[in-house]
Each structure stands twice: as C-alpha cells, then as structure tokens.
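The structure appears right after this line, and notes come after that.
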Amino acid sequence: MTPEEFNLGLEVVMRDYLETRVLPGRDGERPLRVAPVPIPVSHWGGGVTRLLVVFNLATHDSVRPRGLLGPEWKLPGGTAPMNASPVYECGEAWQAFSWAFPWPPALGVLETAEAYLGRFNDPR
C-alpha cells in the first residue's frame, strides 16, 4: 500500500467514523484509531468503543494489520469478552482478540477496518 492509497482510504474511514485519527507510529507503522464504533445489541450487548488498526505500508500486501478494540467495551454484565487480553499500544490501553479473516489478498483501509468489525456480525 502506498502512502497515497493509505491517505485516500483514511478520508473514506473518516467520513464513516467521525472521530478517526492516525496515531504516532514507529518503524513505518500507521496506527489508525477508528471511532466511534457502535457494538450491536444482539449477542454483544451494545455500547460504543474504538478500534485500532495498525497498518504497516511496507508489508501490507503480505501481512494483515493488527486489530485491537478499546477496553471500555464489556459484555452484558460488565465482563471482558472471552479470549480478550489487555495490551498497551500507541500510548493507549486496548484489548487484543483472536480475529481471523483471509490475508492476502490485501484489503484497503476501510475494508480492513470493516473486516475486523465484521466479527460482530457473528453471534459465536
């Protein structure tokens, strides 16, 4: 992915998720905090959180970006989601999950964020 492709994708994400920001990265990473992210009520209990997708433009074609959710999102009853582990990245607290979707083919910026959020379309 070129810097130009990333920036064009960023513009699209920012239209759908108004509080989206690029965070400071290291070693060629472009961490993208996508927010606000609504969580579906059915199966997941609702709420709003944020998504961090850490893009690395140099390896994007072969390595899926990391995806993390904000720890403010909890399941109904106030517990953390199963298999979530706390991590600290880009100066903020997050929850790591074991999400899986095919890579390659590499997806664009919005498509990558939506692939991570697509987990909430599955009630398991």
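The chain is numbered in sequence order, starting from 1. Quick caveat: nothing in here was measured; it's all calculated off a predicted structure.
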Nearest 0.5 Å, please: how far is CG in L8 from CD in E11?
5.5 Å
Look at the side chain of W73 and the backbone N and O of P38, then say whether any donor-acceptor pair between them is shorter than 3.5 Å.
no
List the atom of N7, the atom of R30, and the distance in Å for their closest heavy-atom pair.
OD1-NH1, 4.1 Å
Option from V13, L10, V34 for which side-chain contact (heavy atoms from CB on, under 4.5 Å) with L110 holds:
V13
Classify the ring geometry between H60 and F55 as parallel (under 30°), tilted (30 to 60°) or perpendicular (over 60°).
tilted
Test side-chain contact (heavy atoms from CB on, under 4.5 Å), reference L68, set E92, E89, R33, Q95, output is E89
Check whether any side-chain heavy atom of L117 lies under 4.5 Å from a side-chain heavy atom of V37, and answer yes or no.
yes
Once rounded to the nearest 0.5 Å, what's the spacing between atom CG of L57 and atom CZ of F6?
6.5 Å
Which atom of P65 lies closest to which atom of V53, heavy atoms considered
CB-CG1, 3.7 Å
Note: T112 and W103 closest approach over all heavy atoms is OG1-CH2, 3.5 Å
Check ion pair R50-E72 (N to O, under 4.0 angstrom)
yes
Looking only at heavy atoms, which two atoms of R15 and L18 are closest? And how far apart?
O-CD2, 3.6 Å
Nearest heavy atoms of C90 and P24, plus distance in Å:
SG-O, 4.1 Å
When rounded to the nearest 0.5 angstrom, what distance separates OH in Y116 from CG in L107?
10.0 Å
Heavy-atom pair with the smallest gap, counting every atom of D61 and M1
OD1-N, 4.0 Å
For L23, run the side-chain contact (heavy atoms from CB on, under 4.5 Å) check against L32, L52, V54 and tell me which one passes.
L52
When rounded to the nearest 0.5 angstrom, what is the spacing between CD in E114 and CG in L51?
11.0 Å
